[in-house]
Chemist: 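Mind having a look at this structure? Questions to follow.
Here the structure is a predicted model, which is why all the values come from computation and not from measurement. In what follows, chains are A, B, ... by sequence order, proteins preceding strands, each numbered from 1.
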2 protein chains.
Amino acid sequence: MEQNILKTAELKTTQKRRLLLLLLQKQQRPTTAEELYEKVNPLVAINLSTVYRNLNTLTEKGILSRSISQDGKAYYSLLSQGHGHRLFCTSCNDIISIDSCPLGELQEKLEKETGYRILDHSLEFKGLCPKCLSKMDK
Amino acid sequence: MEQNILKTAELKTTQKRRLLLLLLQKQQRPTTAEELYEKVNPLVAINLSTVYRNLNTLTEKGILSRSISQDGKAYYSLLSQGHGHRLFCTSCNDIISIDSCPLGELQEKLEKETGYRILDHSLEFKGLCPKCLSKMDK
DNA sequence: TTACATGCAAATACTTTGCATATAA
DNA sequence: TTATATGCAAAGTATTTGCATGTAA
């Protein structure tokens with residue numbers, strides 16, 4: 001499975017790459033290099049540079065998408081999981097994925113108004129998750 | 001003008017703060033600390049730390065808004081200029097402001113679906129500006 | 001006069017890079 | 001066998017912080 005992805009991208013199938021892809025697949029939300037490092041390391045010793053290098057390679061190959069969040073960190077997710085955005089809690093840092101994306105129309109309108117050719121966008125919501133909200137009531 | 005803003009925020013009116021606010025007002029787009037530093041410095045010697053410290057203070061006071069861009073840098077703009085987003089050219093780094101924001105409805109829908117209380121969002125478009133597009137044709 | 005603002009240097013956080021070694025194909 | 005992957009240490013970039021000094025009110 002991960003093997004096919006890597007073969008198609010003409011990348012060597014290493015255990016660490018497979019693990020990274022596996023974890024990104026399991027993960028139902030965009031993930032940072034640090035988080036992946038913490039999860040891979042107990043299973044197979046890996047260097048943080050290796051994590052970053054692989055995330056970059058996979059992003060260049062179009063397998064992952066990278067998005068810089070308002071916390072200044074890069075979040076990665078499998079591109080096969082489709083176009084999506086983030087909603088995160090400013091209190092506990094919980095992150096969930098948003099699947100819907102209503103920006104197509106706006107994007108067309110903007111292209112007409114500005115003359116730009118728009119190639120990508122990023123969208124992120126922040127607020128308080130239900131758990132943190134209920135804690136605040138008490 | 002800048003003086004009033006600062007007085008209201010209970011901040012001392014220094015020449016550097018006035019200049020920073022003045023430049024942000026002139027600037028019709030979100031601006032980085034580095035850019036402001038380059039513009040203030042020829043007029044009045046200023047330290048980059050001072051720029052950062054003031055941008056932070058003004059953001060905390062609700063006078064500026066800070067938004068982290070996909071280039072990993074923080075962009076600041078006067079909040080009085082209203083809620084807006086960025087569109088930037090990946091080729092020449094030109095940045096323009098987008099005034100319309102169609103996310104209110106989506107935000108409400110998301111709050112219902114997720115139980116989150118959404119407090120803020122960030123949206124950024126990237127692509128190629130008209131100038132860079134025409135260069136590519138040649 | 002005094003609390004706040006600034007400069008300077010050092011520290012921090014995230015990410016990248018150079019080089020030697022290891023390993024998939 | 002050979003091009004690619006990895007580890008390790010060092011460097012890079014954006015930003016923050018501690019401390020001494022300067023300055024608006």
Chemist: Nearest-Å distance, CG (A:L36) to C1' (D:dT6)?
Modeler: 17 Å
Chemist: Would you kindly give the CG-to-C1' distance between A:D71 and D:dA14, to the nearest whole Å?
Modeler: 14 Å
Chemist: Check the distance between D:dA24's P and B:R18's CZ and give it to me in whole angstrom.
Modeler: 10 Å
Chemist: Whole angstroms only, please: what is the CG-C1' distance between A:L20 and D:dA5?
Modeler: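 In whole Å, D:dA5 C1' lies 12 Å from A:L20 CG.
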Chemist: Does A:K73 pair with A:E35 as a salt bridge, N-O distance under 4.0 Å?
Modeler: no
Chemist: Under the 3.5 angstrom rule, does the side chain of A:R117 hit a backbone N or O of A:E111 as a donor-acceptor pair?
Modeler: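 No: the side chain of A:R117 does not pair with the backbone of A:E111.
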Chemist: Cation-pi check, B:R86 to B:Y75: give yes when NZ or CZ is under 6.0 Å from the six-membered ring centre and within 45° of the ring axis, no otherwise.
Modeler: yes
Chemist: Under 3.5 Å, side chain of B:K16 to main-chain N/O of B:A45, donor-acceptor pair present?
Modeler: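 Yes, B:K16 side chain to B:A45 backbone: donor-acceptor pair under 3.5 Å.
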Chemist: Does A:T32 reach a base, just sugar-phosphate, or nothing at all? Heavy atoms under 4.0 Å.
Modeler: nothing
Chemist: Do A:L64 and A:L36 belong to the same hydrophobic cluster, where Ile, Leu, Val, Met, Phe, Trp and Tyr are linked whenever their side-chain heavy atoms lie under 4.5 Å apart, directly or via other members?
Modeler: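 Yes, one cluster joins them.
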Chemist: Does a nitrogen or oxygen in the side chain of B:N56 sit under 4.0 Å from OP1 or OP2 of D:dT15?
Modeler: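 Checking D:dT15 against B:N56, no side-chain N or O comes under 4.0 Å of OP1 or OP2.
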Chemist: Starting at atom CD of B:Q70, determine the distance to atom P of D:dA14, rounded to an integer number of angstrom.
Modeler: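 That distance rounds to 15 Å.
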Chemist: On DNA chain D, compare the nucleotides closest to B:K7 and B:G72; which residue's is nearer the 5' end?
Modeler: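 In this pair, the answer is B:G72.
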Chemist: CD1 of A:I68 versus P of D:dT13: gap in Å, rounded?
Modeler: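 It is 16 Å, rounded to the nearest whole Å.
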Chemist: Would you kindly give the CG-to-P distance between A:L6 and C:dA24, to the nearest whole Å?
Modeler: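 Computing the A:L6:CG to C:dA24:P distance gives 13 Å.
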Chemist: In this structure, are over 12 heavy atoms from other groups packed under 6.0 Å from A:K61 atom NZ?
Modeler: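 Yes, enclosed.
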Chemist: Taking protein heavy atoms under 4.0 Å as touching, what does nucleotides 5-10 of chain C look like 5' to 3' if B marks base contact, S marks sugar-phosphate-only contact and - marks none?
Modeler: SBBBB-
Chemist: Counting N and O atoms only, with roles assigned by atom type, does the side chain of A:S69 sit under 3.5 Å from a partner on the main chain of A:G72, one being a donor and the other an acceptor?
Modeler: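 Side chain of A:S69 to backbone of A:G72: no pair is present.
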Chemist: So, is A:Y52 close to the C:dT16 phosphate, meaning a side-chain N or O under 4.0 Å from OP1 or OP2?
Modeler: no
Chemist: Could you tell me the separation between the CG atom of A:L19 and the C1' atom of D:dA5, rounded to a whole number of Å?
Modeler: 15 Å
